[in-house]
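Only one structure is covered here, and it is reproduced in the block below.
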Protein chains: 2
Amino acid sequence: MTARPETAETAETAETYEPTETYEPTGRTVPTRSRERARYDRATVHAILDQAYVCHLGFVRDGAPVVLPTLYARVGETLYVHGSTGSRPLLAAGKADPGLPVCLTVTHVDGLVLARSAFHHSINYRSVIVHGTAYQVTDEDERRTALDALVDHVVPGRSADCRPANARELAATAVIRVDLAEVSAKLRAGGPNDDPEDLDLPYWSGVVPVAPVHGTPVPADGLAPGTAAPDYLAAL
Amino acid sequence: MTARPETAETAETAETYEPTETYEPTGRTVPTRSRERARYDRATVHAILDQAYVCHLGFVRDGAPVVLPTLYARVGETLYVHGSTGSRPLLAAGKADPGLPVCLTVTHVDGLVLARSAFHHSINYRSVIVHGTAYQVTDEDERRTALDALVDHVVPGRSADCRPANARELAATAVIRVDLAEVSAKLRAGGPNDDPEDLDLPYWSGVVPVAPVHGTPVPADGLAPGTAAPDYLAAL
């Protein structure tokens, strides 16, 4: 977690200073139901964000909602998303002043929960919902940092083992940032919550675990001679 | 695919009648970029929808976007989502007239695409984006059909092998429907698209396949004696 001193008074203790261990709940981040599933601590939120790399980015266009899957990366208390300079949400984030309101959601499915009753069937999951404003990143150093993070978020270590973006590629790439401020996690874990009167019913009940698995890497045609699969792929 | 005769004239050929094999592209479903990745044929869209069970449902609340992960099921040309009668989007779908504008997105990640250049890194994926209007389902037969479909969409065959919802549970459950009309799929497959001048660079390039995998089912405590894991779990 990045220390983020907010004032000069705290700067001297920046290395160890944590302004707060939790995100402040708001009207938008307190769920109307299953409040016991909500979490606001940064450690839980960061862990969920760091394990995934595809989010669903929501914004409003012509009054209607749009939800697009896209890659993201976290750097400290900021999420970065990138895309073509011609993509609609990225254009909108550049044009809008002050920024484009977005909702960015990340979800892991961990298991299928089968209860004796249809009603208590459920999913074990961990999700994070970020409400905020997307801004185009124009600072070139921050853009480079974000683009490296986007590569490393998918395959840790990869950004140092490929050709960096050149000027033309950088010019074609838009980067937007969303600060982590109005944020909540929500999660369900464990077995089914069957009603006591259903426990003797003759139906199997339990959890089927689910997890994404990486397969054997498939090399592209024409790799340069001697180019072996790097160690960071095995670490996936 | 469900045959959907639209007029009396076509009803006599309902069993084989297909009004169209594709969804009509609209301004919202034609992407601004990577148009070669877009698909509108129902077979592709249905296959992507039927393989997943968690979607990301977007709607607008107080002018801002909200994106929630939720279960869904497809029945013919309709998607169903359910939840507590107290949940915000479901309440909104009931109150809004004529319905609640939504965007419902389903995404499969199939592979990590590592190119010689950072710029050409990508993800192999298949996604469907549905723009439409959510309506509360009030017809009891349709509600039952939808709730069974929601269980069977996650675990095919399960709805017939658990206790059906009782009157109290049905009263606590809201069901919304979104018809498949303004729909597109988008997909990327295959290897990296490296620039020709990068092919001799000494970086590994290729695809790391990704897929969700089901683990060994974990039975709940206190299963009734003789309750074995059903065959439909093995079929997952």
Side-chain angles (χ1 to χ4, degrees), chain A residues 32-33 54 56 58-60 64-67 69 84 86-88 101-103 105 107 109 112 116-119 121 127 151 154-155 159 161-165 169 191-192 198-215 217-220 222-224 227 229-230 233, chain B residues 32-33 54 56 58-60 64-67 69 84 86-88 101-103 105 107 109 112 116-119 121 127 151 154-155 159 161-165 169 191-192 198-215 217-220 222-224 227 229-230 233:
Chain A
T32 44
R33 23 185 326 275
V54 172
H56 282 79
F59 57 98
V60 179
V66 180
V67 179
S84 160
S87 88
R88 283 188 279 214
V102 296
C103 181
T105 300
T107 306
V109 174
L112 316 180
R116 279 93 163 170
S117 62
F119 184 75
H121 277 61
S127 66
V151 170
V154 180
V155 182
S159 72
D161 190 39
C162 58
R163 176 178 67 70
E169 292 166 344
D198 289 338
L199 292 178
D200 293 334
L201 293 177
Y203 303 118
W204 189 89
S205 177
V207 175
V208 181
V210 181
V213 170
H214 293 98
V218 180
L223 288 185
T227 307
L233 290 187
Chain B
T32 43
R33 23 183 327 275
V54 171
H56 282 79
F59 56 99
V60 179
V66 180
V67 179
S84 159
S87 87
R88 283 187 280 213
V102 296
C103 181
T105 300
T107 306
V109 173
L112 316 179
R116 278 94 163 169
S117 61
F119 184 75
H121 277 62
S127 65
V151 170
V154 180
V155 182
S159 72
D161 190 39
C162 58
R163 176 177 67 69
E169 292 166 342
D198 288 338
L199 292 177
D200 293 333
L201 293 177
Y203 303 120
W204 189 89
S205 177
V207 175
V208 181
V210 181
V213 170
H214 294 98
V218 180
L223 287 186
T227 306
L233 289 187

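Values below: all heavy atoms of this structure, side chains included; hydrogens, waters and symmetry mates excluded. Proteins get letters first, then strands, A, B, ... in listed order; numbering begins at 1 in each.
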Options [options], ranked by heavy-atom pairs under 4.5 Å with chain A, top entry:
options                        : value
B/S127, B/A220, B/S159         : B/A220
B/C162, B/A211, B/A224, B/G191 : B/C162
B/A64, B/C103, B/P192, B/P202  : B/C103
B/V155, B/V218, B/D161, B/T107 : B/V218

Under 4.5 Å to a heavy atom of chain A? For B/L223 that would be both
For A/A229, the side-chain contact (heavy atoms from CB on, under 4.5 Å) test, sequence neighbours excluded, returns A/L233, B/W204
Testing the basics here: between [X] and [Y], what is the closest heavy-atom pair and its distance to 0.1 Å?
X      : Y      : result
B/V208 : A/G215 : CG1-O, 3.9 Å
B/P212 : A/V210 : CB-CG1, 4.2 Å
A/P164 : B/A118 : CA-CB, 4.5 Å
A/P65  : B/G58  : CG-O, 3.5 Å

Heavy-atom cut-off 4.5 Å, strictly under: side chain, backbone, both or neither for [X] against chain B?
X      : value
A/P219 : both
A/D200 : backbone
A/H121 : side chain
A/V151 : side chain
A/V154 : both
A/S84  : both
A/L201 : both

> Between the main-chain N or O of A/V67 and the side-chain N or O of B/T105, is there a donor-acceptor pair closer than 3.5 Å?
Replying inline: yes
From the list A/V54, A/L199, A/V102, the residue making the most non-hydrogen contacts under 4.5 Å with chain B is A/V102
CZ of B/R163 to OG of A/S205, rounded to nearest 0.5 Å, is 12.0 Å
